[in-house]
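Counting convention: from 1, in listed order, for ligands and their atoms alike.
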Amino acid sequence: MLTYTFYGHACFLLDDGANKILVDPFLTGNPQASINEKDVQADYILVTHAHGDHVGDTPNIAVRTNATVIGIPEVTDFGGQRVKTIGMNLGGTVKTKFGFVRMVPALHSSGIAGGVACGYVIGVGGKVVYFAGDTSLFSGMKFIGERDKIDYAILPIGGHYTMDPVDAAKAVELLGAANAIPVHYNTWKVIKQNPEDFVKLVKGAKVHVVKPGQSIEL
Ligand code: NI
Ligand code: MN
C-alpha cells in the first residue's frame with residue numbers, strides 16, 4: 001500500500017506504511033499548506049531545488065524529525081545545521097530503506113549558486129513515481145520513461161515558472177506514464193489554472209486531481 005498526501009503547492013508525502021518520504025516541504029508561507037511544518041512527519045526529505053517554494057522548511061523539519069535529506073549538495077547545505085544528508089547529482093541512483101531514488105534533470109533555475117534543479121524517480125511500495133520538480137517540457141522525459149515504467153507522474157501545470165497544462169499533457173505522453181497528478185498551480189494568481197483543462201488534454205493516462213489535505217492510494 002502506498003499513500004500520496006498532497007500538502008499544497010508542490011509539497012507531498014509518500015507513505016508505504018513503514019517510510020514517510022516528504023518532498024519539497026514548503027509549508028510556512030504557503031497559502032495552500034494543509035499542515036504546519038511543526039506537525040509534518042518524515043523519514044526522508046527530497047528537495048528538487050533551492051527556490052523557497054521547494055526547499056521551504058526543510059532544515060527545521062529535518063532537525064526535528066531526524067529525517068535524511070536527499071538533494072544536490074549545494075542545495076542541501078544548510079550552513080552548519082545538524083541535518084543528515086545524502087548528496088547526489090543528476091543521473092545518480094541511491095538505494096534507500098524503501099527502495100530507490102534516482103535524480104533526473106529538470107530544466108529550471110536552481111535558486112542557488114552551483115546547484116541545478118532536478119526531478120526524482122522514486123521506487124517505493126512496488127510503484128515508480130516520477131516527480132518533475134519545477135521544469136519546462138524537455139525531450140529527455142522520453143528516456144526517463146524508457147528506463148523505468150512510470151506508474152505515477154507528478155507534474156507542475158501552473159505555467160509562468162513551469163510547464164502549463166498543454167506541455168504537462170505532452171510530458172505524460174513522452175513519459176508513457178499510466179497516471180498523472182498535477183501540482184504547482186493555484187497557489188498564487190500568477191500560476192492560476194483549471195486542473196480540468198489538464199484532465200481533458202491528457203490522453204492515455206488517468207489524471208488524479210488531489211486537493212491540498214487530501215490523500216489517495218497509489
Ligand atoms: Ni522554482
Ligand atoms: Mn516552484
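Heavy atoms of other residues, nucleotides or ligands lying less than 6.0 angstrom from NZ of Lys84 number more than 12.
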Exercise for the section: Show your reasoning for whether salt bridge (Lys or Arg N to Asp or Glu O under 4.0 Å) applies to Lys142 and Glu146. Expected result: CA-CA 6 Å; Lys142 183 172 185 294; Glu146 283 178 3; 2.7 Å; yes
Problem - Steps toward side chain to side chain donor-acceptor pair (under 3.5 Å) verdict (Asp53, His184) - result: CA-CA 10 Å; Asp53 61 321; His184 209 280; 3.3 Å; yes
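The aromatic rings of His51 and His49 sit perpendicular, their planes meeting at an angle over 60°, well past the 30° parallel limit.
Note on His184: its N/O/S atom closest to the Mn ion (ligand 2) is NE2. For Asp134, the N, O or S atom with the smallest separation from the Mn ion (ligand 2) is OD2. Between the Ni ion (ligand 1) and the N, O or S atoms of His108, the shortest distance is to NE2. Restricting Asp53 to its N/O/S atoms, the shortest distance to the Mn ion (ligand 2) is reached by OD2. Looking only at its N/O/S atoms, His51 has ND1 as the one nearest to the Ni ion (ligand 1).
Taking backbone and side-chain atoms together, His49 has no N/O/S atom less than 2.8 Å away from the Mn ion (ligand 2). When distances to the Ni ion (ligand 1) are checked against a cut-off of 2.8 Å, Asp134 contributes an N, O or S atom below that limit. The distance from the Ni ion (ligand 1) to the nearest N/O/S atom of His49 is under 2.8 Å. Using a cut-off of 2.8 Å, one finds that His54 contributes an N/O/S atom close to the Mn ion (ligand 2).
Contact record, Ile157 with Ala168: CG2-CB, 3.7 Å, taken as the closest heavy-atom pair.
Salt bridge status for Asp43 with Lys97: absent, with no side-chain N to carboxylate O gap under 4.0 Å.
In this structure, CG in Asn186 is found 5.5 Å from NZ in Lys192, a value given to the nearest 0.5 Å.
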